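One structure is given below, encoded as structure tokens.
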Amino acid sequence: MPPLRCANAPAPASLFVQLSMRRTAQSPILADILLPLRARAPHSAPRRIATTPTTTPVSKTQWRARQSLSSSQSNKRLFTTSAPRKATHTLFNPQNDEDGNEMVLEITERAAKRLSEIMTKDSNPYLALRIQVESGGCHGFQYLMKLVTLPSQLPELPVSEDAAEESEIREDDTIFSYYPDNSPAPSSSDLTVPKIILDGPSLELLKGSKVDFTMELIGSQFKIVDNPLATSSCGCGTSFDIKI
């Protein structure tokens, strides 16, 4: 059976125009899509959708790397090229070891404070603590310490025998002085600051050590600590053994 056809069927172009003229407000987008660009309604312009920027998730490794970078940058701002000042200085007759390094016995802040108190109490600014190492004690070597009075002026090097007999400073003695970092540096011949004096052989056994002032149950005393050459020491800290 042949298909039925309407005798007055409109042409396809005419039908399209009729549909476009009948578009309603409820379906503007569908009709406008079918129309050419010139025939589209003004309100049918494509709408832009505002988008919010999305944050890319950061892993723990990336976060730690950023924290490390910011920390290193802040540390760089605090970096200074000026070398820190030392509190202990060689006042007289500096000595070097076999490798050419200067031998120093450091004075701690507590030891310097106690020496200053003794100097003030005795009204003697030229007092010094003499430190000497001798064989003996329960570990082979022992520390000997005593207070001595130095002359008001340092002798010239080399020290003569007559000058050594008249004063407490001997030919191979080295004197170390102490002044804090925030105080102005005294003159090279100032003997009124806290100071210690050692002979050459004792300095070789105590280089790199510290002289400290401790307050313990057995009493208060000056004491040698952190001796890099000592392998063992007694409980009271007056005797020690060295590396051979």
Side-chain angles (χ1 to χ4, degrees), residues 82-135 141-214 220-229 238 242:
S82 59
R85 290 176 53 189
K86 296 181 180 180
T88 302
H89 300 264
T90 305
L91 189 62
F92 178 76
N93 194 20
Q95 298 289 335
N96 297 332
D97 57 14
E98 297 178 353
D99 298 329
N101 300 320
E102 184 179 0
M103 297 186 293
V104 178
L105 178 60
E106 184 179 348
I107 307 173
T108 65
E109 183 178 359
R110 289 184 297 187
K113 181 179 179 181
R114 182 53 181 165
L115 283 172
S116 298
E117 293 174 353
I118 297 175
M119 293 160 58
T120 302
K121 183 179 179 180
D122 294 352
S123 300
N124 186 357
Y126 301 107
L127 277 179
L129 179 67
R130 174 174 282 279
I131 304 174
Q132 190 173 355
V133 177
E134 291 185 353
S135 59
F141 293 90
Q142 59 184 355
Y143 307 109
L144 299 179
M145 301 184 188
K146 63 178 181 178
L147 293 172
V148 296
T149 300
L150 301 182
S152 58
Q153 294 182 353
L154 293 173
E156 295 182 359
L157 290 173
V159 180
S160 62
E161 295 182 359
D162 296 337
E165 293 179 357
E166 296 177 358
S167 66
E168 188 62 34
I169 301 176
R170 303 166 188 169
E171 181 180 0
D172 60 346
D173 283 343
T174 300
I175 301 176
F176 298 101
S177 62
Y178 176 94
Y179 55 90
D181 296 341
N182 56 358
S183 64
S187 63
S188 58
S189 60
D190 187 5
L191 291 173
T192 62
V193 294
K195 51 199 170 294
I196 58 176
I197 181 172
L198 298 89
D199 58 79
S202 299
L203 181 57
E204 291 181 0
L205 296 176
L206 299 180
K207 61 181 179 181
S209 306
K210 299 178 182 179
V211 54
D212 195 11
F213 182 76
T214 61
S220 303
Q221 61 178 347
F222 290 100
K223 189 175 182 179
I224 301 296
V225 296
D226 300 337
N227 187 349
L229 298 180
T238 59
I242 63 171

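For clarity, every value in this text was computed on a predicted model and none was experimentally measured.
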P194 and A112: which non-hydrogen atoms are nearest, and at how many Å? CG-O, 3.6 Å
Which pairs would a plain distance check flag for residues 99-108, meaning a side-chain donor or acceptor within less than 3.5 Å of a matching protein atom at least two apart in sequence or in another chain?
{"residue": "E102", "atom": "OE2", "partner": "T90", "partner atom": "OG1", "Å": "2.5"}
{"residue": "T108", "atom": "OG1", "partner": "A111", "partner atom": "N", "Å": "3.3"}
{"residue": "T108", "atom": "OG1", "partner": "V211", "partner atom": "O", "Å": "3.2"}
{"residue": "T108", "atom": "OG1", "partner": "D212", "partner atom": "OD1", "Å": "2.8"}

Nearest heavy-atom approach of P151 to Y126 is O-CD2, 4.0 Å
Between the side chains of T149 and N124, is a donor N or O closer than 3.5 angstrom to an acceptor N or O? yes
Rounded to the nearest 0.5 Å, what separates atom OG in S209 from atom OH in Y143? 6.0 Å
Give the C-alpha distance, both sets of side-chain angles, the deciding distance and a yes or no for side chain to side chain contact (heavy atoms under 4.5 Å, CB included) between L115 and L147. CA-CA 9 Å; L115 283 172; L147 293 172; 4.2 Å; yes
Which is it for N227 and F141 under the side chain to side chain contact (heavy atoms under 4.5 Å, CB included) test, yes or no, and what are the steps along the way? CA-CA 13 Å; N227 187 349; F141 293 90; over 6 Å; no
Atom CG in L205, atom CD in E134: separation rounded to 0.5 Å? 11.5 Å
Atom CD of Q95: over 12 foreign heavy atoms under 6.0 Å: yes
Between the CD atom in E168 and the CG atom in L127, the distance rounded to the nearest 0.5 Å is 11.0 Å
Is the shortest side-chain heavy-atom distance between F222 and R114 below 4.5 Å? yes
From I169, N93, V159, residue fulfilling side-chain contact (heavy atoms from CB on, under 4.5 Å) relative to L154: I169
Working to the nearest 0.5 Å, report the span between CD of E109 and NZ of K210. 12.0 Å
Run the side chain to side chain contact (heavy atoms under 4.5 Å, CB included) test on Y179 and H89 for me, step by step, so that the C-alpha distance in whole Å, both residues' side-chain angles and the decisive distance to 0.1 Å come before the verdict. CA-CA 8 Å; Y179 55 90; H89 300 264; 3.0 Å; yes
Approximate separation, where rounding is to 0.5 Å, of L144 CG and I131 CD1: 10.5 Å
Test item: M145 and I224 side chains (from C-beta on) under 4.5 Å apart, heavy atoms: yes
Quick check: does any side chain N or O of S177 sit under 3.5 Å from a backbone N or O of K195, one acting as donor and the other as acceptor? no
Would you tabulate the side-chain donor-acceptor contacts of residues 196-204 under 3.5 Å, counting partners in other chains and residues two or more places apart, or write 'none'?
{"residue": "D199", "atom": "OD1", "partner": "S202", "partner atom": "N", "Å": "3.0"}
{"residue": "D199", "atom": "OD1", "partner": "S202", "partner atom": "OG", "Å": "3.0"}
{"residue": "D199", "atom": "OD2", "partner": "S202", "partner atom": "OG", "Å": "3.0"}
{"residue": "S202", "atom": "OG", "partner": "V133", "partner atom": "N", "Å": "2.9"}

Locate the shortest heavy-atom distance separating M119 from P125; write the atom from each residue and the value. CE-O, 3.1 Å
Distance check, rounded to the nearest 0.5 Å: D173 atom CG versus Q132 atom CD? 9.0 Å
